[in-house]
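First up is the structure itself, then whatever we jot down about it.
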Amino acid sequence: MGSSADTETAMIIATPASNHNNPATNGGDANQNHTSGAILALTNSESDASKKRRMGVLPLEVGTRVMCQWRDGKYHPVKVIERRKNYNGGHNDYEYYVHYTEFNRRLDEWIKLEQLDLDSVECALDEKVEDKVTSLKMTRHQKRKIDETHVEGHEELDAASLREHEEFTKVKNIATIELGKYEIETWYFSPFPPEYNDCVKLFFCEFCLSFMKRKEQLQRHMRKCDLKHPPGDEIYRSSTLSMFEVDGKKNKVYAQNLCYLAKLFLDHKTLYYDVDLFLFYILCECDDRGCHMVGYFSKEKHSEEAYNLACILTLPPYQRKGYGKFLIAFSYELSKKEGKVGTPERPLSDLGLVSYRGYWTRILLDILKKHKGNISIKELSDMTAIKAEDILSTLQSLELIQYRKGQHVICADPKVLDRHLKAAGRGGLDVDVSKMIWTPYKEQS
Ligand SMILES: CC(=O)SCCNC(=O)CCNC(=O)[C@H](O)C(C)(C)COP(=O)(O)OP(=O)(O)OC[C@H]1O[C@@H](n2cnc3c(N)ncnc32)[C@H](O)[C@@H]1OP(=O)(O)O
């Protein structure tokens, strides 16, 4: 199996043009054993014409749609988001920042001209600016009062300024960060203060999260910084895993630095400078050098919408190891201690949605499997602190809900439950509730 898959990949890389029917490249294949001079001449003149045509489209305009070779060797449709002139380059010599329309924005990147198939350029530019602005306004209207990635005064912006803001945030600014022993490629734009505009790499102190432009600055800082764990209270410790609760009001700079850092991996969140209203739960792996941040979630101190989690992040080097499920489970344990049901703030990212769906499926089906007799959605909600709507949508997506005699009924055939549970994957790291030392937040007078 493995070897045949490898062969297939190698073939695709060797003949990328065949993946999207590129006649010019196929026709001009220099490796073909041509026996006729006429065919060769025809081929050459075709490729000359094609070359001229291709050069005629340069430089590409922002908004152009074209096929682009990605890291898998295949061609994928992209939209040009931005362009910049190459140093020492000729008149038409640009690099392009592209969005792969089939993929998440975190894969947006600067690419070289050679990666583009210029024969596939679609000349019609993207939808009208006006339409885009209207849709942006719509989304903004739907957002909650405290905007997720709140840029102060943002909602007051007129259409043109709003568009300008979107323009500004669509290209990733910081390409990599250094944090502890990891160098991490970033995913999205984050609005660092203007003095960091010229930086492509930032160096973070892994304990206080201060960020610096140069490695030497970080080294100097590390000699002085006396933190070895996040500020705030350690509210959970089990083996090497610790959770710290940080009050955004008491540790404002730390909380803001965390938001700058997190935004590099969160697309639909805008930076919220007023961190006072939030608590931050920082998950750490601890060793003799200190407690190293693995991920976190934030939570409003008071949520009118019953949100029990605002933003969640596992840092990329730690992803797919079960920490995300741990953080989600922890947020529900906090809700249980508060005697409330909770739900994550919307919108959920693609990875957020799969993680939540997996968690909800596992928790709910585990209960249904063990439970004897009838059980209602309200009872499930009381047992798990999962909001009734999330339970209903999860069970509906698994087709476990039927509508009989005017009411929703859960139909839980054990074999079907087992199949879904298997598909929901691993359970992740468990929260040992007996190791939690926590009381719900109370405003201090
Ligand atoms: C309310 C909000 O904040 S929504 C925004 C959510 N946050 C983000 O999108 C930020 C960037 N993403 C992340 O930080 C992480 O991907 C998280 C927090 C969503 C998940 O964290 P992880 O530590 O990777 O989660 P965990 O290891 O528990 O895996 C969760 C499940 O999600 C799915 N999943 C996670 N990453 C991926 C991936 N790259 N590709 C496919 N499935 C994935 C899998 O089903 C995985 O379970 P499995 O490994 O058993 O198959």
Side-chain angles (χ1 to χ4, degrees), residues 71-72 100 102-108 139 142-144 146-150 172 177 179 182 184-190 241 243 258-272 278-285 292-300 303 305-335 342-363 365-366 386-387 389-390 393-394 397-398 420-431:
R71 57 186 85 153
D72 63 355
Y100 294 87
E102 296 165 341
F103 302 151
N104 185 279
R105 260 167 48 116
R106 65 181 154 270
L107 298 171
D108 291 4
T139 349
Q142 289 156 357
K143 285 178 182 170
R144 66 193 186 106
I146 301 167
D147 194 20
E148 348 86 300
T149 43
H150 192 108
K172 232 177 275 180
I177 57 161
L179 180 76
Y182 292 106
I184 309 172
E185 271 184 44
T186 65
W187 294 3
Y188 306 109
F189 174 91
S190 179
L241 218 52
M243 188 72 111
L258 176 60
C259 291
Y260 281 125
L261 170 66
K263 178 63 193 70
L264 292 167
F265 306 99
L266 284 156
D267 193 13
H268 296 290
K269 300 285 169 185
T270 27
L271 199 63
Y272 190 71
F278 291 85
L279 294 165
F280 297 82
Y281 295 91
I282 321 291
L283 179 60
C284 296
E285 275 290 358
H292 314 278
M293 183 170 86
V294 160
Y296 87 103
F297 68 88
S298 55
K299 176 180 163 99
E300 275 176 276
S303 169
E305 295 90 344
Y307 294 136
N308 65 350
L309 179 147
C311 291
I312 178 171
L313 168 74
T314 303
L315 289 165
Y318 298 97
Q319 286 178 4
R320 303 283 325 245
K321 296 180 199 292
Y323 292 115
K325 286 170 204 149
F326 179 93
L327 289 166
I328 293 172
F330 204 93
S331 72
Y332 282 106
E333 290 307 332
L334 296 187
S335 294
T343 188
E345 188 186 306
R346 303 311 197 266
L348 295 178
S349 67
D350 56 345
L351 294 172
L353 183 63
V354 273
S355 302
Y356 265 98
R357 266 282 143 83
Y359 173 80
W360 290 330
T361 301
R362 219 168 302 98
I363 294 293
L365 299 203
D366 267 342
I386 301 173
K387 204 177 173 189
E389 284 88 335
D390 296 333
S393 75
T394 305
S397 74
L398 298 170
H420 285 311
L421 269 171
K422 218 169 157 195
R426 296 165 294 168
L429 301 165
D430 285 330
V431 178

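Side chains included, hydrogens not; waters and symmetry mates left out as well; all remaining heavy atoms used. Values in this document were obtained by computation on a predicted structure and should not be read as measured data. Atoms within each ligand, like the ligands themselves, are counted from 1 in listed order.
Closest heavy-atom approach to atom 26 (P) of ligand 1 within the set A310, G322, G352: this belongs to G322.
Taking 4.5 Å as the limit, every side-chain heavy atom of I386 sits out of range of all side-chain heavy atoms of Y356.
Below 3.5 Å of separation, one finds an N or O of G324 facing an N or O of ligand 1. Ligand 1 has no nitrogen or oxygen under 3.5 angstrom from a nitrogen or oxygen of W187.
Numbered from 1 in the order shown, with element, the atoms of ligand 1 that lie under 4.0 Å from a heavy atom of V354 read 32 (O), 33 (C). Those atoms of ligand 1 that come under 4.0 Å of a heavy atom in K321, given as number and element, are 27 (O). For ligand 1 and E345, the ligand atoms under 4.0 Å from any heavy atom of the residue are 1 (C). Annotation for ligand 1: atoms under 4.0 Å from non-hydrogen atoms of C311 are 3 (O).
Comment: D390 does not engage R357 in a salt bridge, judged by the lack of any side-chain N to carboxylate O separation of less than 4.0 angstrom.
No donor-acceptor contact under 3.5 angstrom links the side chains of Y318 and E285, judged on distance only.
Closest to atom 13 (C) of ligand 1 among all protein heavy atoms lies Q319 NE2, 3.5 Å. Taking atom 7 (N) of ligand 1 as the reference point, the nearest protein heavy-atom neighbour is I312 O, 2.9 Å. Ranking the protein heavy atoms by distance from atom 28 (O) of ligand 1 puts K325 N, 2.9 Å first. For atom 49 (O) of ligand 1, the nearest protein heavy atom (residue, atom name, distance) is R426 NH2, 2.7 Å. Counting protein heavy atoms only, atom 51 (O) of ligand 1 is closest to R320 NH2, 2.9 Å. The protein heavy-atom contact nearest to atom 10 (C) of ligand 1 is F265 O, 3.4 Å. Summary of contacts: the protein heavy atom closest to atom 14 (O) of ligand 1 is T314 N, 2.8 Å. Of the protein's non-hydrogen atoms, S355 OG, 3.2 Å is the one closest to atom 32 (O) of ligand 1.
Ring pair Y281/F330 is tilted by interplanar angle, where 30° to 60° counts as tilted.
In this structure, OH in Y296 is found 11.0 Å from OG1 in T314, a value given to the nearest 0.5 Å. Once rounded to the nearest 0.5 Å, the distance linking CG of L309 with CZ of F297 reads 6.0 Å. Considering OG1 of T361 and NE2 of H420, their distance stands at 8.5 Å, rounded to 0.5 Å. Here the CD-NZ distance, from E185 to K172, works out to 7.0 Å after rounding to the nearest 0.5 Å.
At a heavy-atom distance under 4.0 Å, only side-chain atoms of L266, from C-beta outward, approach ligand 1.
In this structure, the ring of Y332 has its center less than 6.0 angstrom from the ring center of Y359.
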When you look at D350 and R106, which way does the salt bridge (Lys or Arg N to Asp or Glu O under 4.0 Å) test go after all the steps? CA-CA 11 Å; D350 56 345; R106 65 181 154 270; 2.9 Å; yes
